[in-house]
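Notes to accompany the following structure.
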Amino acid sequence: MYIIPAIDVLDKKVVRLREGNYNDVTSYEISLEEQIEKYHANGTELVHIIDLNGAKGDFSNQEYLFDIIQKTEMKIQYGGGVRSIEKVKELVDAGIYRVIVGTQAITNPSFLEELSSLNEGKVKYADHIIIAIDVLDEVIKYSGWLESSPIKLIEYIDKCLALGFFRFLCTDISKDGKLGGAGVDLYKKLLDHSPIIKLIGSGGISSMDDIRNLNALGTMESVVVGKAIYENRVSIEEIKDWNLKSLISF
């Protein structure tokens, strides 16, 4: 299991939200460029960047984000307001390694169907897609966690699998930003249902013990860690040592 450091950006600032609440924001005194370089200098291969403005349909951050992202040698896992085929193509063609889709995939059934068959030359765009599933008490949330979907969690996963999407980023909203431990029970349920999925966990990591608990599930592909790094609960050196032993390379 690989540890992916996370950077959330709101109004061009590195921040963390508590349970997805835009009114409960912690800002950090480090720029996006500095944080990316900090990870890169310590051997991180993949970083997770979310445009929180974009998640609400405000793309005022995008030029700023792209200017910095395109300068780094690291691979980027990127999300926040990716709600059209054109946006997916724009991001992949710009060199984004993985594109996270959430709201549009949930609210527009034809979006995933079209995306699953989108190919240009040697590029199969579906190979670069992560399906975001943000969950609160087994209810799927979208639009920056502001709306609830009537689609059942397991039903949605099965639908995505049938279309050829196997990589999922599952955020347990009840855990997010609280440093209270990860959603082990939720992830176990998903993995028991579909052992073939490539599952990325997110939310609640407070220590390396939490990471070990997730790793004990046996088939987690990776886990996103954000606030625990900024709050010095998990060090970048610990992440580097863990990832060197994970035998996963991007």
Side-chain angles (χ1 to χ4, degrees), residues 1-56 61 65 68-69 74 76-80 98 100 102 130 132-137 141 144-146 169-187 199-215 220-243:
M1 187 181 75
Y2 194 88
I3 301 173
I4 308 173
I7 308 175
D8 289 354
V9 181
L10 180 67
D11 299 332
K12 300 181 182 180
K13 297 177 182 178
V14 175
V15 305
R16 292 298 295 169
L17 306 185
R18 182 181 172 90
E19 295 186 62
N21 185 350
Y22 281 77
N23 295 316
D24 193 349
V25 182
T26 301
S27 299
Y28 296 96
E29 295 301 320
I30 188 168
S31 70
L32 172 62
E33 192 167 21
E34 290 169 336
Q35 192 65 51
I36 288 176
E37 180 52 36
K38 192 174 180 180
Y39 293 142
H40 183 226
N42 208 44
T44 299
E45 294 184 62
L46 178 66
V47 68
H48 174 94
I49 296 178
I50 298 297
D51 177 3
L52 291 173
N53 291 87
K56 297 195 296 180
N61 273 341
L65 291 170
I68 294 171
I69 287 170
M74 280 198 298
I76 303 297
Q77 180 170 292
Y78 181 93
R98 291 177 178 170
I100 302 165
I130 297 174
I133 308 178
D134 301 332
V135 181
L136 181 62
D137 298 327
K141 308 287 282 187
W145 301 348
L146 301 175
L169 170 69
C170 184
T171 300
D172 187 335
I173 297 172
S174 70
K175 306 288 186 181
D176 191 73
K178 297 168 73 173
L179 298 173
V184 175
D185 292 341
L186 173 61
Y187 301 141
L199 185 60
I200 306 168
S202 173
I205 296 295
S206 64
S207 68
M208 291 303 296
D209 283 342
D210 291 330
I211 290 169
R212 283 185 278 270
N213 288 339
L214 286 181
N215 192 55
M220 290 284 292
E221 182 189 66
S222 50
V223 61
V224 172
V225 181
K227 188 173 183 178
I229 298 172
Y230 301 114
E231 302 291 325
N232 298 313
R233 306 287 191 96
V234 175
S235 72
I236 297 178
E237 290 75 20
E238 286 175 312
I239 292 173
K240 179 181 180 180
D241 290 344
W242 179 279
N243 285 344

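Position 1 is the first residue of the sequence, and the numbers go up from there.
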Pairs under 3.5 angstrom only: tabulate donor-acceptor contacts from the side chains of residues 199-211 to other protein residues two or more places apart or in another chain.
residue	atom	partner	partner atom	Å
S202	OG	T171	OG1	3.3
S206	OG	D210	OD2	2.5
S207	OG	D209	N	3.2
S207	OG	D210	N	3.4
D209	OD1	R212	NE	3.4
D209	OD1	R212	NH2	2.8
D210	OD2	S206	N	2.8
D210	OD2	S207	N	3.4

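- In terms of heavy atoms, G183 sits closest to D172 at CA-OD2, 3.5 Å.
- At least one side-chain heavy atom of K56 sits under 4.5 Å from a side-chain heavy atom of Y22.
- Between L46 and P5, the shortest heavy-atom distance links the atoms O-CD, 3.5 Å.
- D8 is linked by a salt bridge (charged side-chain N to carboxylate O under 4.0 Å, His left out) to R16, counting only residues two or more places apart in sequence or in another chain.
- Taking E33 as the reference, nothing meets the side chain to side chain donor-acceptor pair (under 3.5 Å) condition, with sequence neighbours excluded.
- Using a 4.5 Å cut-off on side-chain heavy atoms (C-beta onward), N215 and W242 make contact.
- For the side-chain contact (heavy atoms from CB on, under 4.5 Å) criterion with I49, the lone passing option out of I68, I36, V14 is I36.
- With hydrogens and angles disregarded, a donor-acceptor distance shorter than 3.5 Å links the side chain of N53 to the backbone of D11.
- Here the closest non-hydrogen pair linking Y39 and V47 is CD1-CG2, 3.8 Å.
- Considering all non-hydrogen atoms of both residues, Y28 and K227 come closest at OH-CG, 3.6 Å.
- Of all heavy-atom pairs between K12 and V9, the closest is CA-CG1, 3.8 Å.
- Put simply, the side chain of L17 does not reach to within 4.5 Å of the side chain of D24, judged on heavy atoms.
- Counting non-hydrogen atoms of neighbouring residues, nucleotides and ligands closer than 6.0 angstrom, the CD atom of E29 reaches no more than 12 such neighbours.
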